[in-house]
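Following: one structure in structure tokens, then a few remarks.
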Amino acid sequence: MATGTEPHPNDGGVRGRTRAAIADRHLRTDRWWLAPAATVAGLLAFVVYSTWRAFANGDYYAAPYVSPFYSPCLSENCVPMEGGPNAALVGGWWTLSPALVILILPLGFRLTCYYYRKAYYRGFWASPPACAVAEPHRKYSGESRFPLILQNSHRYFFYAAVAVAAVLTYDALLTFRNADYEWGHMGLGTVVFLVNTVLIWAYTLSCHSCRHIVGGRLRHFSKHPVRYRMWGWVSRLNARHMELAWASLVSVALCDLYVYLLATGVFTDPRFF
Ligand code: FES
């Protein structure tokens, strides 16, 4: 009887060993390094831009637009925003940028995101750099120890991200005003904010934790038709999670850049009506 450990004519006689003895680091002949290199370039560009903007502590409001990096503005040193979602939760002792108060939530959400984890583990730590390419590290402890065990907090950051998305939706509604805060107006900035809001929601709802919250722990989908339907919608979004992660990252930066250019007087917001 075959035991599964005998040499086999089709596998060079290595069947039964734990791994094929391959001297090369990998056998891939495609440009596998392109994806991790592009990831590093894209994430670094965002980190540099967002760090500069978060510490700038200025040029984040041009009526009726508030930068998503600074909303909700929770510090006493926020610029006055008519009708804006700001509250002085952080007192006068806070002298740093108000963006540093709120950005912890979306930053934590993205840092612990399943997709971004894969992206930066591959891009920055080469762990592993790509499928079927050996990693340079000798030990692997996964996410079972500090600090990576903190990645398990993702579900809680998801709840926070829903709240932040709700605030950004409110901000987008406020853009149907003009600079004198009169309703019934629309400018190019309104379109920029609406697109960003849609992408932020799509990314947030495509989250794997969201999919589990909506459709997980059920024995019979047939007994939960509403949750089954919602699970189907979330699953369709979930299949595009990577694309939505990047699209929303770019859109939130562009939205902030739009407000910055208006606030610094580089151009004025084109008004449709
Ligand atoms: Fe990416 Fe939750 S898995 S946001």
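Each ligand, and each atom within it, is numbered from 1 in the order the structure gives. Computed over heavy atoms, backbone and side chain alike; hydrogens, waters and symmetry mates excluded. It should be emphasised that the depicted structure is a prediction, and the values quoted were computed from it without experimental measurement.
One distance of note links CG of N238 with OH of Y114; it measures 11.0 Å at 0.5 Å rounding.
Within the 4.0 Å heavy-atom criterion, neither part of F158 lies near ligand 1. At a heavy-atom cutoff of 4.0 Å, ligand 1 is contacted by the side chain of F109 but not by its backbone.
Protein heavy atom at the shortest distance from atom 2 (Fe) of ligand 1 is H154 NE2, 2.1 Å.
Of the residues R25, R31, H26, the one that meets the side-chain contact (heavy atoms from CB on, under 4.5 Å) test with R28 is H26. With W246 as the fixed residue, the side chain to side chain donor-acceptor pair (under 3.5 Å) test singles out one of Y203, Y115, Y116: Y115.
In this structure a side-chain-to-backbone donor-acceptor pair under 3.5 Å is present from Y70 to A54.
Taking the six-membered ring for Trp and thresholds of 30 and 60 degrees, F109 and H154 have nearly parallel ring planes, at less than 30 degrees apart.
Angle subtended at atom 1 (Fe) of ligand 1 by H241 NE2 and C113 SG: 100°, rounded to 10 degrees.
For the pair Y116 and ligand 1, no heavy-atom separation below 4.0 Å is found.
Of all atoms in ligand 1, listed by their number and element, those nearer than 4.0 Å to a heavy atom of C207 are 2 (Fe), 3 (S), 4 (S). Counting atoms of ligand 1 from 1 in the listed order, those under 4.0 Å from a heavy atom of Y114 are 1 (Fe), 3 (S).
Aromatic ring centres of Y260 and W52 lie closer together than 6.0 Å.
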